[in-house]
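The chains referred to below are lettered A, B, ... by the order of the sequence lines, with proteins before strands, and numbering in each begins at 1.
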Amino acid sequence: MDVHELYNEQIELSKKAILTDSFPPIKRVGGVDCSYLDDKFIIAGLVVLDYGTLKPIYRTFDIQRLTFPYIPGLLAYREAEAMMGVIKKAKVRPDLIMVDGFGTNHPRRCGIATHIGIKLDVPAIGVGKSFLCGEVQGQRIIQDGEETGRLVRAISGQKPVYVSPGHKISLKTAVKVVKHCMAGHRQPEPTRQAHEYVTSIKNRSLLRENLNRAKNGPR
DNA sequence: GCGACAG
DNA sequence: ATCTTGTCGC
């Protein structure tokens, strides 16, 4: 694969990003995250929460073969297919998706939240757990003079989360939504619960693997 | 060339 | 992300 073609695709995708609010009142928020099995498979999980109570009302997962390596700036090519797969198979549709990663705060303004948002035409927000790029000025993240992201924390003094709009939402509203979803943990509930979920699926898979090994291996 | 670099 | 014990702080 040629990374330059992917870079160009990201640049083209970023031009399609809508960074203004264009979605109905949020009733359900979705959170997606991934985990891996032996570097061979990727598990994507989706948890849909009631926006008012932040209680989970639905969840599903999808497992696919891993086909792309981890390359900073190209995370979407490793995880987006699995995430979009689980979102498409969901029986309960969220009004907005929170993704583990970035949106517009990205070297080419096209993090995985933007990638998924545009390809599925769904409002999306990126919630990163570690700094990616830009210049931090207080709570703001500036790139080429524009504010592309914001540092948000549930508890002052603790490590922040990096919020940026992915698609069909403004930075201001994205921050507002993420803050609304904070329940005393560093990460907002949608991605936090999605992470817990995929981890449990992973452990369930590993357990099943070991049971089969104990049953068939020793002979 | 050097440094930075989501999950 | 993943591997992995004890340990620091609220």
Does the ring of A/Y162 carry A/R150 above it, NZ/CZ under 6.0 angstrom from centre and within 45° of its axis? no
Measure from [atom1] on [X] to [atom2] on [N] and round the result to the nearest Å.
| X | N | atom1 | atom2 | result |
| --- | --- | --- | --- | --- |
| A/Q143 | B/dA6 | CD | P | 14 Å |
| A/D38 | C/dA1 | CG | P | 17 Å |
| A/L132 | B/dA4 | CG | C1' | 9 Å |
| A/F41 | B/dG7 | CZ | C1' | 19 Å |
| A/Q158 | C/dC8 | CD | P | 22 Å |
| A/H115 | B/dG7 | NE2 | P | 17 Å |
| A/K159 | C/dC8 | NZ | P | 19 Å |
| A/L37 | C/dT2 | CG | P | 9 Å |

For the residue pair A/H180 and A/Y51, categorise the inter-ring angle as parallel (less than 30°), tilted (30 to 60°) or perpendicular (more than 60°). parallel
Are side-chain heavy atoms of A/F102 and A/I112 found at a separation under 4.5 Å? no
Any base atoms under 4.0 Å from [X], or only sugar-phosphate, or nothing? Heavy atoms, all strands.
| X | answer |
| --- | --- |
| A/L66 | nothing |
| A/F131 | sugar-phosphate |
| A/G128 | sugar-phosphate |

N or O in side chain of A/K129 less than 4.0 angstrom from B/dG7 OP1/OP2: yes
Does C/dA1 have its OP1 or OP2 closer than 4.0 Å to a side-chain nitrogen or oxygen of A/H195? yes
Any stacking of A/Y70 on B/dG7, going by centres under 5.5 angstrom and planes within less than 30 degrees? yes
Given [options], the nucleotide with the shortest approach to the side chain of [X]:
| X | options | value |
| --- | --- | --- |
| A/E79 | B/dG7, B/dA6, B/dC5 | B/dG7 |
| A/I112 | B/dA6, B/dG7, C/dT2 | B/dA6 |
| A/K202 | B/dA6, C/dA1, C/dT2 | C/dT2 |
| A/P72 | B/dG7, C/dT2, B/dA6 | B/dA6 |
| A/D100 | B/dG7, C/dT2, B/dA6 | B/dG7 |

Atom CD of residue position A/E81 - does it have more than 12 heavy atoms of other residues, nucleotides or ligands inside 6.0 Å? no
Would you mind checking if A/E9 and A/K119 are paired as a salt bridge, meaning a charged N to carboxylate O distance below 4.0 Å? yes
